[in-house]
Amino acid sequence: MRGAGAGVSEVLAASAVAGRVDAFQRALLSWFWRERRELPWRGVGDPYATWVSEIMLQQTQVVTVVDYFQRWMARFPDVAALAAANEEEVLEQWSGLGYYRRARFLHRAAKVIVEEHGGELPSTLEGLRTLPGVGPYTAGAIASIAFGLPAPIVDGNVIRVFARLFAIEGDPRSTANQKSFWGLAEALVDPQNPGDFNEALMELGARVCTPRSPACLLCPVREFCAGFASGEPEALPEVARRSAVKPMRAVAVVVTRQGRRGKELLVGPRDAGGLLAGMLEFPTVEREGKRWPKLDEVASLLGMKVVAEEVGELTHVFSHRRLLTRIFAAEVGSEATFADERWRWVPERELSQAAISALTRKIYERSKQLETT
DNA sequence: AAGTCGGGGTG
DNA sequence: CACCCAGACTT
């Protein structure tokens with residue numbers, strides 16, 4: 001029995017991969033070359049495309065990313081185009097994808113690349129690592145996939161695959177186990193095909209070595225796997241205890257007016273730094289806990305008296321928050337203006353392409369739906 | 001080492 | 001529901 005965080009060489013020596021690293025690499029790679037999915041960022045040969053895809057894929061599944069990636073590349077085809085854009089345009093493209101800080105990092109890094117690297121992505125692990133938003137995983141992914149360097153990667157898929165292959169017990173996030181995962185990734189990556197090898201590990205985790213019921217009978221490396229041998233591959237890795245989801249309440253008012261070009265809606269940017277920082281939203285008051293804010297509080301936010309009708313309520317779940325929102329609707333005169341420069345009128349047909357979060361999109365859909373009934 | 005930060009897919 | 005996802009960054 002190996003304890004958590006055993007040295008990499010001991011873990012490797014005690015496994016079925018010992019002395020057969022070449023065979024392991026060949027088995028994994030030939031499966032990958034046969035079974036891999038066609039994805040829009042694969043085989044493009046453009047480090048910028050690899051970078052964009054890897055940032056989008058952070059904590060986000062492949063199927064979700066595909067459309068966003070294609071729209072992004074059409075709008076910002078290269079580093080220079082991204083660097084020249086303003087932040088709102090960047091957030092418009094990211095709208096709905098979540099973790100908006102990633103979009104800001106991508107944008108900021110593009111400026112750094114133009115100003116300090118002559119417009120070319122750094123081609124070393126250390127250079128990539130200096131870019132905002134590029135951590136150990138993403139640096140390894142770009143280095144191996146775009147530049148052919150034998151850099152290791154460890155993501156959620158690799159953790160699961162290695163925990164099973166090598167029977168790594170204990171909390172996979174512990175420092176000791178992280179050292180094991182990174183050490184194994186470094187020891188196993190095929191220097192001839194580092195990018196394909198790394199992608200193969202992740203694709204195996206995503207499609208075969210899945211969390212609940214892994215498809216071991218389809219696995220190209222099951223002969224090397226301690227989890228398969230044990231008969232209980234799904235027992236690893238150990239699942240971490242999740243922190244509690246805190247309740248939140250909010251009141252949002254969808255304020256409309258008839259502008260010269262049809263109906264317009266009042267929106268403003270959220271505070272920087274917090275949840276959904278900088279995204280446009282309807283006038284909203286949020287509160288931690290289960291007590292509802294009052295409509296008056298939204299009115300004072302706007303500096304006006306609001307005559308509004310409640311049109312519904314919806315729930316939105318974040319990873320660590322559960323937010324219930326009461327939605328009101330108010331129509332104001334076409335001459336309505338607001339002293340606070342935070343607020344601005346957006347034509348209804350432009351809202352769907354604005355820099356709004358999925359939550360704001362849901363609120364809008366709900367208010368529209370009630371209008372017609 | 002623990003918390004923060006979205007959103008969607010899945011059993 | 002709960003869990004997970006081609007994580008990074010802050011405290």
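Side-chain atoms are counted along with the backbone in the values below, which use heavy atoms only and exclude waters and symmetry mates. Chain A is the first sequence line, chain B the second, and so forth, proteins listed ahead of strands; every chain is numbered from 1.
Thr60(A) contributes a side-chain N or O that forms a donor-acceptor pair with the base of dG6(B) under 3.5 Å. Looking at Arg173(A), its side chain has no donor and acceptor atom pair within 3.5 Å of the base of dA1(B).
Under the 3.5 Å distance criterion, with hydrogens and angles disregarded, a donor-acceptor pair is assigned to the side chains of Glu54(A) and Tyr137(A). Side chain to side chain, Arg102(A) and Thr60(A) meet the donor-acceptor criterion of an N or O pair below 3.5 Å. Donor-acceptor pairing under 3.5 Å is lacking for the side chains of Glu234(A) and Ser213(A). His320(A) and Lys246(A) are not linked by any side-chain donor-acceptor pair at a separation below 3.5 angstrom, with hydrogens and angles left out of the test. Side-chain polar atoms of Ser95(A) and Arg361(A) form a donor-acceptor pair below 3.5 angstrom.
Using a 4.0 Å heavy-atom cutoff across all strands shown, Glu199(A) reaches at least one base atom of the nucleic acid. Across all strands shown, Gly205(A) has no heavy atoms under 4.0 Å from either base or sugar-phosphate atoms. Nucleic acid contact for Arg160(A): sugar-phosphate only, since backbone atoms but no base atoms lie under 4.0 Å from a heavy atom of the residue. Backbone-only contact: Thr138(A) has heavy atoms under 4.0 Å from sugar-phosphate atoms and none from a base. Contacts of Val239(A) with the nucleic acid, taken as non-hydrogen atoms under 4.0 Å apart, involve only primed sugar atoms and P, OP1 or OP2. Residue Tyr99(A) is classed as a base contact, given a heavy-atom separation below 4.0 Å to a base.
Using C1' as the reference atom, dC5(B) and dC4(C) are 16 Å apart when rounded to the nearest Å. Taking atom C1' on both dA6(C) and dG3(B), the two are 22 Å apart, rounded to the nearest angstrom. Atom C1' of dC9(C) sits at a distance of 23 Å from the matching atom of dG8(B), rounded to the whole Å. Taking the P atoms as reference points, dG9(B) lies 23 Å from dA8(C), given to the whole Å.
If you measure from atom CZ of Phe197(A) to atom C1' of dA6(C), you get 15 Å, rounded to the nearest angstrom. We find that CZ of Arg102(A) is positioned 10 Å from C1' of dC5(C), with the value rounded to whole Å. To the nearest angstrom, C1' of dG6(B) lies 10 Å from CG of Leu359(A). Rounded to an integer number of Å, the gap from CZ of Arg108(A) to C1' of dC9(C) is 11 Å. One atom, CZ of Arg212(A), and another, P of dA2(C), lie 12 Å apart when rounded to the nearest Å. Rounded to whole Å, the distance from CZ on Arg207(A) to C1' on dC5(C) is 16 Å. At whole-Å resolution of the value, CG in Leu204(A) and P in dA6(C) are 12 Å apart.
For Pro211(A), the side-chain atoms get nearest to dC4(C) when compared with the rest of dA6(C), dC4(C), dG7(B). Looking at the side chain of Trp41(A), the nearest of the listed nucleotides dG6(B), dA6(C), dA8(C) is dA6(C). Comparing dG11(B), dG7(B), dG8(B) by their nearest atom to the side chain of His316(A) picks out dG7(B). Distance from the side chain of Ser357(A) is smallest to dG7(B) among dA6(C), dC5(B), dG7(B). Distance from the side chain of Ala358(A) is smallest to dG7(B) among dA6(C), dC5(B), dG7(B). Distances were taken from every side-chain heavy atom of Val62(A) (C-beta onward) to each of dA6(C), dA1(B), dG9(B); the shortest belongs to dA6(C). Looking at the side chain of Leu57(A), the nearest of the listed nucleotides dA6(C), dA8(C), dG9(B) is dA6(C). Nearest nucleotide to the His320(A) side chain, out of dA8(C), dT4(B), dA6(C): dT4(B).
Only Gly274(A), Leu275(A), Leu276(A), listed by number, bring a heavy atom of residues 265-283 of chain A to less than 4.0 angstrom from any atom of DNA chain B.
Taking the ring centre of Tyr68(A) as origin, the terminal cationic atom of Arg71(A) falls inside the region bounded by 6.0 Å and 45° from the ring axis. Taking the centre and axis of the six-membered ring of Trp292(A), the NZ or CZ atom of Arg326(A) falls inside the cone set by 45° and 6.0 Å.
Residue Arg322(A) has a polar side-chain atom (N or O) positioned under 4.0 Å from OP1 or OP2 of dC1(C). Using a 4.0 Å cut-off, no side-chain N or O of Gln61(A) falls inside it from OP1 or OP2 of dC5(C).
Nearest heavy atoms, Pro172(A) versus Phe181(A): O-CE1, 3.5 Å.
Comparing Ser319(A) and Lys362(A) by the nucleotide of DNA chain B whose heavy atom lies nearest to each, the residue mapping closer to the 5' end is Ser319(A). Both Ile145(A) and Phe105(A) sit near DNA chain C, but only Ile145(A) has its closest nucleotide nearer the 5' end.
Between Arg287(A) and Glu297(A) there is a salt bridge, since at least one side-chain N of the basic residue sits less than 4.0 Å from a carboxylate O of the acidic one.
Linking ILVMFWY residues whenever their side-chain heavy atoms come closer than 4.5 Å, directly or via other members, leaves Trp182(A) and Leu236(A) in distinct clusters.
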